[in-house]
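Have a look at the structure below before the remarks.
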Amino acid sequence: MSVQWVRYLKDMGPAWVISAVACGPATLASVSIAGATYSYAMLWVVVLSAVFGTTAQYLAAKIGIIENRGIIATTEARLGRIWAWILTLYALLATWLAAMVLMNALAGVTSLITGINTPYWGIPYGMMIGSFLVWKGYRWFETVCKLLVVFVVTCFMATLFMADISLSGIVKGLVPNIPDGIHSAMMMAAIMGGAVHITIIGMHTYNTNAKGWNRDDLGLARIDTILSMGFAFGSYSIAIFIVAAAVLHPNNVNVKTATDAALALKPLLGERAMQIFLLGIWGAALSTISPTFMAGAYFLSDKFKWQLNVKHKGFATVVFTGCALSMLGPFIKGSFFMLLPLMLALGLTGTPLIVGIILYLLNKQEIVGKDFNNPLLNILGGLTFIITALLAVRFILTRIGKL
């Protein structure tokens, strides 16, 4: 192994944080529901979500590294205050909405596990997470949560070898097709939104700066993104989708709750499938919601030119504000398992804005200098912008009854 690859493996990290957030309960819910409902028909969307997620996150890393600042400060310096405010408000609303729905999921799973069904679970969770984030006591607990998620994903991977997978169905599912109806529009937008959500794209510009990367690290950023979003996230979402299509769809399981989706693991885990699946959802929700609070604080603090760390009172205040708002999430009516895809679909509506801004800036010679985008990266970036915009517009039009 070359010295360069040893360094790559040693120094990778920022994109893995984003991948861990993307591999959260919302993506799990979206691909499970899509596979159970439409069989293999949406496999092409799942594959493209990994490709476009990799593209968007590398573009985000690149602009963060070249500008040596976050996306909000970059937008204000390069495009002006109005565009910076538009991006800040859109990103903040999408981020806090995500936090509310994730808290809804956290409270919902806790109710199922404990048998104590109450929306007030969000209050102790919000207070605990906010306190740990500000006083740096959360990292060990987050590691335990991620291990639970890894275990559940491993179970899905193992179930792949036990399920009656249709190879012809997989081949057909790779051919783009668009099922009719408002539900399919939401699910396609949700699947894509799991990988190219405005929150995680914006957040990645801050992650690369926190790592201290410079232009010499662009190659490292590319490898970091390909392995985390392309390989890890891609494997996660594709495995869960195929298991749902192979196990749940043939048995006509209409997935509306987490307990419905847990049936996908029954061939492997038997009667314990429910408990293990719920623990995985719980761990995914808990480990995903904390970076979401941090992302909101990055966006608003960057706009007000505050220090981007929890030691600053303004930054800490935004973290606690996000935690307080999230406590309202469990009071939203409906199955949390169905609210998770809706949240991703709504977040996708902001993706074309941030991808368009980043692509525009990365094609200005006075900004990038010698580190201009190659044709392939511009093509992939352009396709990411176009496809996410089309899926977002279709989702919006179906919601308002125009399609």
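Being a predicted model, the structure only gives us computed values, none of them experimental.
Counting all heavy atoms, side chain and backbone alike, S32 lies closest to I240 at OG-CG2, 3.4 Å. Heavy-atom minimum distance, A258 versus F336: CB-CZ, 3.8 Å. Of all heavy-atom pairs spanning P330 and S326, the tightest one is CD-O, 3.4 Å. Closest heavy-atom contact between A34 and I191: CB-CD1, 3.7 Å. Between L59 and I358, the shortest heavy-atom contact is O-CG2, 3.6 Å. Nearest approach of L344 to T27, heavy atoms of both residues: CD1-N, 3.9 Å.
Remark: the backbone N or O of I116 is paired with a side-chain donor or acceptor of W121 at under 3.5 angstrom. A distance-only check finds no donor-acceptor pair linking the side chain of R69 to the backbone of Y206 [under 3.5 Å]. Side-chain atoms of S19 never come within 3.5 Å of backbone atoms of W16 as a donor-acceptor pair (strictly under, hydrogens ignored). In terms of modelled atom types and a separation under 3.5 Å, the side chain of D224 and the main chain of L220 share no donor-acceptor contact. The closest donor-acceptor contact from the side chain of D302 to the backbone of Y298 lies at 3.5 Å or more, if one exists at all. A donor-acceptor distance shorter than 3.5 angstrom exists from the side chain of T118 to the backbone of Y120, with no hydrogens or angles considered. Checked by atom type and distance alone, the side chain of N104 pairs as donor or acceptor with a backbone atom of I332 at under 3.5 Å. The main-chain N or O of A345 is never found under 3.5 Å from a side-chain atom of T349 such that the two would form a donor-acceptor pair.
Counting heavy atoms from C-beta outward, V253 and V255 have side chains that approach closer than 4.5 Å. Within the 4.5 Å cutoff, side-chain heavy atoms of F395 are placed close to those of L342. Side-chain contact between M103 and C323 is absent, with no heavy-atom pair separated by less than 4.5 Å. You'll find the side chain of K303 stays beyond 4.5 Å of the side chain of L92, heavy atoms only. Looking at T388 and V355, their side chains never come closer than 4.5 Å, going by heavy atoms from C-beta outward. At a threshold of 4.5 Å between non-hydrogen side-chain atoms, the residues I226 and F231 do not count as touching. With a 4.5 Å cut-off on side-chain heavy atoms, I18 and M229 count as touching. With a 4.5 Å cut-off on side-chain heavy atoms, L362 and I367 do not count as touching.
Residue L167 holds its CG atom at 5.5 Å from CD1 of I170, rounded to the nearest 0.5 Å. Atom CD1 of I200 sits about 5.0 Å away from atom CD of Q57, to the nearest 0.5 Å. Distance check, rounded to the nearest 0.5 Å: CG of L308 to CG of N209 gives 8.5 Å. A distance of 6.5 Å separates CE in M327 from CD1 in I123, rounded to the nearest 0.5 Å. In this structure, CG on L28 lies 4.5 Å from CZ on F277, to the nearest 0.5 angstrom. Taking CD of E76 as the start and CD1 of I71 as the end, the distance is 12.0 Å to the nearest 0.5 Å.
For the side chain to side chain contact (heavy atoms under 4.5 Å, CB included) criterion with M188, the lone passing option out of L390, L348, V45 is V45.
Applying the side chain to side chain donor-acceptor pair (under 3.5 Å) criterion to H312, with sequence neighbours excluded, gives no partner residue. Applying the side chain to side chain donor-acceptor pair (under 3.5 Å) criterion to S30, with sequence neighbours excluded, gives no partner residue.
Heavy atoms from other residues, nucleotides or ligands lying under 6.0 Å from CG of D164 number 12 at most. For F331, the CZ atom counts as densely surrounded, since its 6.0 Å shell holds more than 12 non-hydrogen atoms of other residues, nucleotides or ligands. Within a 6.0 Å radius of CG in D180, other residues, nucleotides and ligands contribute 12 heavy atoms or fewer. Environment of CE in M338: crowded, with over 12 heavy atoms of neighbouring residues, nucleotides or ligands closer than 6.0 Å.
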Task: T205 vs T74, side chain to side chain contact (heavy atoms under 4.5 Å, CB included): CA-CA, chis, key distance, verdict - done: CA-CA 10 Å; T205 63; T74 295; over 6 Å; no
Open item on the list: Does H197 form a side chain to side chain contact (heavy atoms under 4.5 Å, CB included) with M192? I'd like the steps, not just the answer.
Closed with: CA-CA 8 Å; H197 195 282; M192 192 62 69; over 6 Å; no
Task: side chain to side chain contact (heavy atoms under 4.5 Å, CB included) between T37 and H249, intermediate numbers included - done: CA-CA 6 Å; T37 306; H249 183 77; 6.0 Å; no
TODO: Determine, stepwise, if the pair D260 / N254 fulfils side-chain hydrogen bond (donor to acceptor under 3.5 Å, both in side chains).
DONE: CA-CA 7 Å; D260 295 329; N254 186 14; over 6 Å; no
Open item on the list: Does R394 form a side-chain hydrogen bond (donor to acceptor under 3.5 Å, both in side chains) with S184? I'd like the steps, not just the answer.
Closed with: CA-CA 10 Å; R394 179 171 179 254; S184 74; 3.1 Å; yes
- [ ] Please lay out, stage by stage, how I129 and L286 fare under the test side chain to side chain contact (heavy atoms under 4.5 Å, CB included).
- [x] CA-CA 9 Å; I129 296 170; L286 198 52; 3.6 Å; yes
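Under 3.5 Å, the side chains of Y125 and T110 contain a donor-acceptor pair of N or O atoms. Residues N214 and N68 have side chains that never bring a donor and an acceptor to within less than 3.5 angstrom of each other. Side chains of S335 and T257: a donor-acceptor N/O pair is absent below 3.5 angstrom, by distance only. Side-chain contact of N373 with K62: a donor-acceptor pair under 3.5 Å is present, judged by distance alone. In the model, R81 has no side-chain atom that pairs as donor or acceptor with a side-chain atom of T75 under 3.5 Å.
Applying the ring-ring contact (aromatic ring centres under 6.0 Å, His included) test to residues at least two apart or on different chains, the pairs with a partner in residues 31-85 are Y38-H183, W85-F304.
Ring centroids of F241 and Y236 are separated by 6.0 Å or more, keeping the two rings apart.
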